[in-house]
Amino acid sequence: MTDLSHLREDFPILSREVNGHPLVYLDSAATTQKPIQVLDAVDAFYRTENANVHRGAYTLSAEATDAYEGARAKVASFINASSPNEIVFSRGATSSLNHIAYGWGLNHLSEGDRVVLTVMEHHSNVVPWQLVARHKGIELVYLTMDDRYEVDLSGLDDLIDERVKIISVSGMSNVTGTLGPVRTMVEAARSVGALVVVDGAQLVPHSPTDVQDLDADFLVFSGHKMLAPTGIGAMWGKPERLEEMEPTEGGGEMIADVGLYESRWAPVPQKFEAGTPPIAQAVGFGAAVDYLTAVGMETVRDHEQEITGYAMKRLAEVPDLIVYGPSDPENRGGAVSFSLADIHAHDIATILDQHGIEVRAGHHCAKPLMRHLQVPATARASFYLYNTTDEVDSLVDGLFDARSLFGLDS
Amino acid sequence: MSSLDELYRQVILDHYRNPRRRGSLTGPHIHAEGLNPSCGDEFSLDLQIEDGVITDAAIQGQGCSISQASGSMMTDVIVGKTIDEARELTATFKLMMGIDVGDDPLDPDRPGAVLGDLEALQGVKKFPVRIKCADLPWTTLTDALDQA
């Protein structure tokens with residue numbers, strides 16, 4: 001087992017108690033905890049370098065700009081982008097997907113065009129396309145999920161034709177942990193000249209990512225799901241895609257020149273970063289990718305596969321527990337959704353919370369997938385580099401307590 | 001008794017697993033639906049009202065034990081009550097849950113304010129995030145009564 005328990009000391013919150021028990025944080029698919037290295041970087045920025053970026057002719061502004069642009073370079077390098085200019089900072093994966101839907105979709109799609117999605121997409125990769133569809137009369141087409149919780153590709157050949165302009169797919173489901181068939185999507189898209197957008201919100205934080213190898217057109221991800229502060233995320237795009245995209249927000253920072261009736265845009269990536277950006281958050285994002293790089297993303301992935309495998313094994317010991325997701329821990333991510341007998345997910349979450357164990361309960365912002373799975377809600381435990389097998393054991397003990405409270409045999 | 005034992009009383013689990021008056025009404029009735037978008041709990045209510053008296057009720061929905069048991073227990077107490085009495089019960093229940101019902105304190109001993117089994121839901125008060133679960137059927141009831 002890859003032992004990363006020494007890293008827990010870096011995360012101050014992990015030493016607190018919840019409801020009289022040591023915190024067992026199993027909701028990293030929602031947001032991750034922050035190491036002291038990230039907290040210190042944000043704090044140090046505000047204490048020693050804070051100024052607005054890209055405008056002052058004074059030393060402090062130049063230092064702040066270096067810090068902000070330095071973070072962009074770190075994030076670019078983390079996913080092996082060719083240049084920092086391929087990274088647009090955004091509020092997170094959701095705002096990145098909205099940038100793409102509006103900035104590219106609204107300007108390049110027309111009536112009858114198709115956008116292919118999967119039934120496992122997060123609402124953030126569904127609703128922006130629905131909004132574009134209202135304006136442009138495009139058609140949304142969905143790939144479904146088979147009974148092994150994999151995206152069903154059996155009808156793909158029939159689906160892909162000249163009408164398809166965009167395929168937008170999650171790299172990893174935040175509900176089932178299913179890995180999206182990104183490579184297959186890229187090949188299919190190339191055959192008809194469509195673009196591929198990868199929602200990497202659950203993928204980039206958990207495994208090595210190489211955009212050269214991925215060969216998609218866009219990759220989006222959120223900082224806060226990979227140890228960074230909230231309010232910062234990224235949109236990576238191929239340079240030609242970013243060039244042909246229109247800005248979705250106008251304002252300061254994103255212009256080259258402004259007249260009374262017409263303006264010209266700043267070069268990419270500033271073209272997409274109107275207004276004062278989340279500077280300190282970007283600095284924190286840079287520190288987060290430094291931290292993950294130092295641990296090693298292969299190590300992060302190996303640890304997560306091991307802990308997910310251990311969790312699947314232990315959860316199988318709980319009677320009447322159903323895991324909704326692929327069974328092979330090496331072919332899935334660390335988001336493990338489950339139901340337990342007739343105990344509703346919210347009741348499970350309340351009971352676990354009384355044990356200090358924090359899990360998510362509900363529809364996970366993936367209502368189309370919940371309808372497909374025919375469950376109103378699931379409980380979800382999700383893991384990251386700071387989680388331990390002891391915490392999985394606590395989870396299982398808590399689930400047995402839930403059975404007992406609901407009058408079920410242990 | 002631990003907070004959890006207080007929350008998941010036997011009577012609550014009984015109503016959760018064996019909800020009373022589950023289904024829908026076929027005759028003339030009022031229909032209202034409630035939804036907690038953050039957690040996905042759903043509750044729908046049919047009420048038959050004759051001469052200002054609730055003569056029948058039916059519920060459907062899906063959600064946690066607290067929301068569904070609260071709804072089941074609610075139908076047990078509102079059938080046979082007048083609209084005004086049902087509103088008083090609603091206020092009494094919300095006060096028990098610590099929900100603000102405005103500046104009209106009710107006399108807890110007045111007729112129509114006997115909550116019966118519903119008092120088992122008092123344990124929910126210790127779980128602030130779950131109060132809205134217990135309250136969902138009652139906000140739905142208010143919507144229905146407003147249509148009467």
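Throughout, a chain's letter reflects where its sequence line sits, starting with A, and its residues are numbered from 1.
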Engaged part of Asp353(A) at the chain B interface, taking heavy atoms whose separation is under 4.5 Å: neither
Gln10(B) atom CD: more than 12 heavy-atom contacts under 6.0 Å: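 Atom CD in Gln10(B) is not packed in, count stays at 12 or less.
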Greater than 12 external heavy atoms within 6.0 Å of Arg21(B)'s CZ: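 It does: Arg21(B) CZ has more than 12 such atoms within range.
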Atom pair CD1/SG of Ile348(A) and Cys64(B) - distance to nearest 0.5 Å: 11.5 Å
Atom pair CG/OG of Leu405(A) and Ser65(B) - distance to nearest 0.5 Å: 10.0 Å
Aromatic plane relationship, Phe406(A) with Tyr8(B) - under 30° parallel, 30 to 60° tilted, over 60° perpendicular: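 Tilted.
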Which of Pro376(A), Cys365(A), Gly362(A) touches chain B most, by non-hydrogen pairs under 4.5 Å: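 Ranked by contacts with chain B, first place is Pro376(A).
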Between Met370(A), Lys367(A), Gln354(A), His363(A), the one whose heavy-atom pairs under 4.5 Å with chain B are most numerous: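 Among Met370(A), Lys367(A), Gln354(A), His363(A), the one with the most close pairs to chain B is Gln354(A).
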Chi angles and distances behind the side-chain contact (heavy atoms from CB on, under 4.5 Å) call for His346(A), Ile66(B): CA-CA 9 Å; His346(A) 299 146; Ile66(B) 304 302; over 6 Å; no
Toward chain A, the part of Leu4(B) with a non-hydrogen atom under 4.5 Å: both
Leu7(B), part contacting chain A, at a heavy-atom distance under 4.5 Å: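 Looking at Leu7(B), just its side chain touches chain A.
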